[in-house]
Structures are given as structure tokens and as C-alpha cells.
Protein chains: 2
Amino acid sequence: MPYPADHKARTRTRIIGAAARLFREQGYRATSVQRLMTAAGLTHGGFYAHFADKTALLADVLDHAFAQARANLLHRGLDDLRGPAWITRAGRRYLSRAHRDAPLEGCAIPALAAEVAREDPNARAAFSRALDETLRGITERLDGDRPAAIRLLATWSGALAMARAVDDALADEILAACRPAELPVEP
Amino acid sequence: MPYPADHKARTRTRIIGAAARLFREQGYRATSVQRLMTAAGLTHGGFYAHFADKTALLADVLDHAFAQARANLLHRGLDDLRGPAWITRAGRRYLSRAHRDAPLEGCAIPALAAEVAREDPNARAAFSRALDETLRGITERLDGDRPAAIRLLATWSGALAMARAVDDALADEILAACRPAELPVEP
DNA sequence: AGCGGAAAATGATGCCTATCATATTCTGAG
DNA sequence: CTCAGAATATGATAGGCATCATTTTCCGCT
């Protein structure tokens, strides 16, 4: 075994990380294999030593991106919050201008749901699994009320999707209307 | 004037109509000029006699698609409803399985917002205008409460976007959770 | 009847794409 | 120091893409 045992796995992870950023920022279809491999510091041909094809990568990217979004939503300073306190703080973060302007590290739902709906069933399955896990995490913060968790994520992701597609003034209005109102906006 | 005076305008409308369906069903980027012109009953080269380029078409498509969505949301049997009665009836229609499974004639927000966010500013401006007009229509049905209109559309469009990206069981759960509960589901 | 000019079709350009067969480079083991 | 074989790079193929210059078709007017 000429290379360190985990070398290939680490490269694979690097590719997924680069793709997760690019897919969210520019879209799945709009991101070429060439560009994502360059972003990962490799050349295009080697891609197929790691993934059967581009759609196979998409499933892994969804896992990665949802895990990142879960961290933003449930941890990173929000670990101990429950109920309305968690909603307020998490909502301020999710519906912030920073999140609107940085899709590349943000939630995968507004960025990728539409394309996943049109791609192959593997991507849909991965999206289902990852979304369900996220919903379980949110449900936990809401006293087990899963329908409430679904409505919350629908509202937030829908607001972010709209805010990204409109001019700044309307975007701010949308984010403000959907943000829990009790506390001032996160900087 | 060798052709009927409105000939060109009618052809242009036909192209927009075909594109509005294809863009929502398959995505803006995934729809080639060739395919959309064929769907309109024409050949690809003539496209540029009607539009400067593909992005110019997108703005017109957004107008067209939003107008259609407004008709579904505010008219077609819902003209006289206001307040909770309208919410219930419109919500049953918007969050139906039929709407989930027929993006080609449905709301443009879950289908196209993500791509509009990445395309040129003209598309964004058209999306802003069309969305604002839709919000005005909804606000009217809600006693002038515009933030409530925004939240409603965010929730519904977010729910539909998620429902389209997941398997059928989870999709039904999402649609049900976001649907006003007072009446049974529209067939 | 046939002419003129607008509308649409044809066909070509050059670029970008996913994929894959082949070659090269790297690095731990002997 | 060399070697073997895995990991990556190179280069090619075939197809799709947006766009545009050119040609053909159409149809109301004279």
C-alpha cells in the first residue's frame, strides 16, 4: 500500500466538500466536473476513480451539506436552547442577511431542493434521509411536535429561497416578516 | 405587411408559454433553446428573432408563470373568499399532491427561485415585480396584513419545494403538516 | 399573377460538457 | 535504492449547447 491508508478517503472527502460549496452556490447542473475538481485541487479525469458519475456525488453532497446545516441550526451556541428561545435564536441566524448572501455554506433546502426534485431517485432518497434527520433534531427542540418542526422549516426555507431571488429591499422585508420578532436581528 | 399584424406577437407568446412549462418542469438551465422551440412548434434558429438571448426569455417567463399561479391562488373559484376561508381553500389547492406532481403549470417559486437567484439581475427584477404583485393579491385577502401574506407564501412554497425533493411518504407528511386543517384534502 | 418584405428554417461556429482509456507520478515496503 | 502498485494526470471522444449568418418560405398587397 504505497499511499497512506486513508489517502484516497481524504481526497474523496475533499471533493465532496468542494462540491457541496459549489453546488449550493452555483447549482448542481451549472457546476462542471472540471470546475469542482479544480476547486478540490485536482484535475478532472481523476473524478471517476472516486465516484461512478456526477449523480453519485450529489447524494454524498446532500449528506454533507445537511449535516453542516444541522450544525448551524442546532449547535454552535444553540445546544441548550428549547422551545421559543431556540426558535428565536435559530430563526435569527437562519433568516439573516448573512445566510441569504452565503448559500455556499448554508442550508441545502433553498439551494438544492428544486434540482434534486428533477434528478435521479438516489438524490431524492439522500435528500429524504437527510431532511428527516434534520426534522428529528428540530422536533426535539419543540417538545416532540413534529408537524410544528415541519412548518417551521418550510417557512424558513421558503423565505430564504424567495429572499435570494428578489432585490434587496423586498428580501429584507421577507426575512423580517418570517423572523421571530422578540429579539433584534443577529448582526 | 405580408403577415397578419399580430402573427409575430402570437408566436412570441407561444414560445413564452412553452418555455414557462419547460422551465418549471425541467429547470431553466436544463432546458435548451432547441427543445423549447421544438415544443413551441418551431425550429431553434428563429428564437433570436424574438428574444435577445435566453436570459431575456426568462424574465417574460416569470411574468407568465406568476400570473398563472396568481390565477390558481386567487381566482378559479376562490374569488369571493377572504380570511381563514380563503386560506383553507387556497391552501388545500396549493399543497395538494396534484400541485406537487405538476410543476409545469404550478407556482414558479419552488420551481424557479433558486435558479433566478443565480441568473442575471433582469430575471431577479422580474421575479421581484411578479412576487410583489402576488403578495399584494394575497394581502388583500388577509385584511391588509402583508407580513402574514409573506409568511403564508413562504410556508407554502417551502413545503412544496421540500415535498418535491423527497419520497412520497415524507412528501405527504410535509404537505399535510402545512395544510390548514379544517377541511379535507382537495381530490 | 407575382412581387416585396417579414417570419421562420437551415446549417455552421466554437465552446463546454461528461466520461473514459491511457500514461505518469508518487510513496511506503523490501 | 529500487520497485510495485495505487492515486492522480493527460488527452481524446462524442455529444450538446447558445448563438448567428444565410437561405427559404410565406402571405397580404398591387
Side-chain angles (χ1 to χ4, degrees), chain A residues 1-23 25-62 112 115-116 118-123, chain B residues 1-23 25-62 112 115-116 118-123:
Chain A
M1 52 210 79
Y3 276 73
D6 62 343
H7 190 176
K8 189 167 183 183
R10 293 173 66 85
T11 306
R12 188 188 150 95
T13 303
R14 231 174 51 235
I15 296 172
I16 293 172
R21 296 169 64 92
L22 286 169
F23 286 1
E25 189 180 37
Q26 318 193 348
Y28 165 73
R29 263 192 139 93
T31 303
S32 69
V33 171
Q34 179 126 222
R35 263 204 296 276
L36 78 88
M37 287 298 275
T38 301
L42 299 165
T43 54
H44 67 281
F47 176 81
Y48 296 89
H50 295 277
F51 302 94
D53 57 14
K54 203 182 158 191
T55 76
L57 170 63
L58 181 53
D60 287 309
V61 162
L62 289 172
L112 292 176
E115 280 187 297
V116 167
R118 296 172 189 127
E119 291 299 325
D120 70 351
N122 284 351
Chain B
M1 51 209 79
Y3 274 74
D6 63 343
H7 190 178
K8 189 166 185 184
R10 293 172 67 86
T11 308
R12 188 188 150 95
T13 303
R14 230 173 54 232
I15 296 171
I16 293 172
R21 296 170 65 93
L22 285 169
F23 286 180
E25 189 180 37
Q26 319 193 348
Y28 167 73
R29 262 192 140 91
T31 302
S32 70
V33 171
Q34 179 125 222
R35 263 203 295 275
L36 77 88
M37 287 297 276
T38 301
L42 299 165
T43 55
H44 66 282
F47 176 81
Y48 295 89
H50 294 276
F51 302 94
D53 58 14
K54 202 181 159 192
T55 75
L57 170 63
L58 180 52
D60 288 311
V61 162
L62 290 171
L112 292 175
E115 280 187 299
V116 167
R118 296 174 188 124
E119 291 300 325
D120 71 352
N122 283 351

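The chains referred to below are lettered A, B, ... by the order of the sequence lines, with proteins before strands, and numbering in each begins at 1.
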Give the rounded distance in Å between these two atoms: CG of A:Asp6 and C1' of D:dA7. 13 Å
Quick one: on DNA chain D, does B:His7 or B:Phe47 contact a more 5' nucleotide (nearest heavy atom)? B:Phe47
Can you check the B:Gln34 CD to D:dG15 P distance for me, whole Å? 15 Å
C:dC20 phosphate, OP1 or OP2, under 4.0 Å from A:Tyr48 side-chain N/O: no
Are A:Leu58 and A:Glu115 close enough that some pair of their side-chain heavy atoms sits under 4.5 Å apart? no
Regarding the side chain of B:Asp53, the nearest nucleotide among C:dA9, D:dA7, D:dT19 is D:dT19
What's the CD-P distance between A:Glu119 and C:dA18, to the nearest Å? 11 Å
Does A:Ala30 or B:Ala49 map to a spot on DNA chain C nearer the 5' end, using the closest nucleotide for each? B:Ala49
Which nucleotide sits closest to the side chain of B:His44: D:dA18, C:dA12, C:dA7? C:dA12
Between D:dC17 atom P and B:Leu22 atom CG, what is the distance in whole Å? 12 Å
Rounded distance in Å - CG (A:Leu36) to P (C:dT19): 11 Å
Is any side-chain N or O of A:His50 closer than 4.0 Å to OP1 or OP2 of D:dA7? no
Report yes if a side-chain nitrogen or oxygen of B:Thr11 is closer than 4.0 Å to either non-bridging phosphate oxygen (OP1 or OP2) of C:dA8; otherwise report no. yes
Taking the six-membered ring of A:Tyr28, is the NZ or CZ of A:Lys54 close enough (under 6.0 Å from the centre) and on axis enough (within 45°)? yes
Reckon B:Ser32 touches a base, only the sugar-phosphate, or nothing at all at heavy-atom distances under 4.0 Å? sugar-phosphate
Please determine whether a side-chain nitrogen or oxygen atom of A:Arg35 lies at a distance below 4.0 Å from atom OP1 or OP2 of C:dC16. no
A:Leu22 and A:Arg35 have their tightest heavy-atom pair at CD1-O, 4.1 Å
Whole angstroms only, please: what is the CE-P distance between B:Met37 and C:dT10? 12 Å
Gap between atoms NZ and C1', on A:Lys8 and D:dA7 respectively (whole Å): 7 Å
Where A:Phe23 and A:Leu112 come nearest, the two heavy atoms and their spacing: O-CD2, 3.5 Å
Atom of B:Gln26, atom of B:Ala30 and distance for their closest heavy-atom approach: O-CB, 3.1 Å
Could you check how far NZ of A:Lys54 sits from C1' of C:dC16, rounded to whole Å? 12 Å
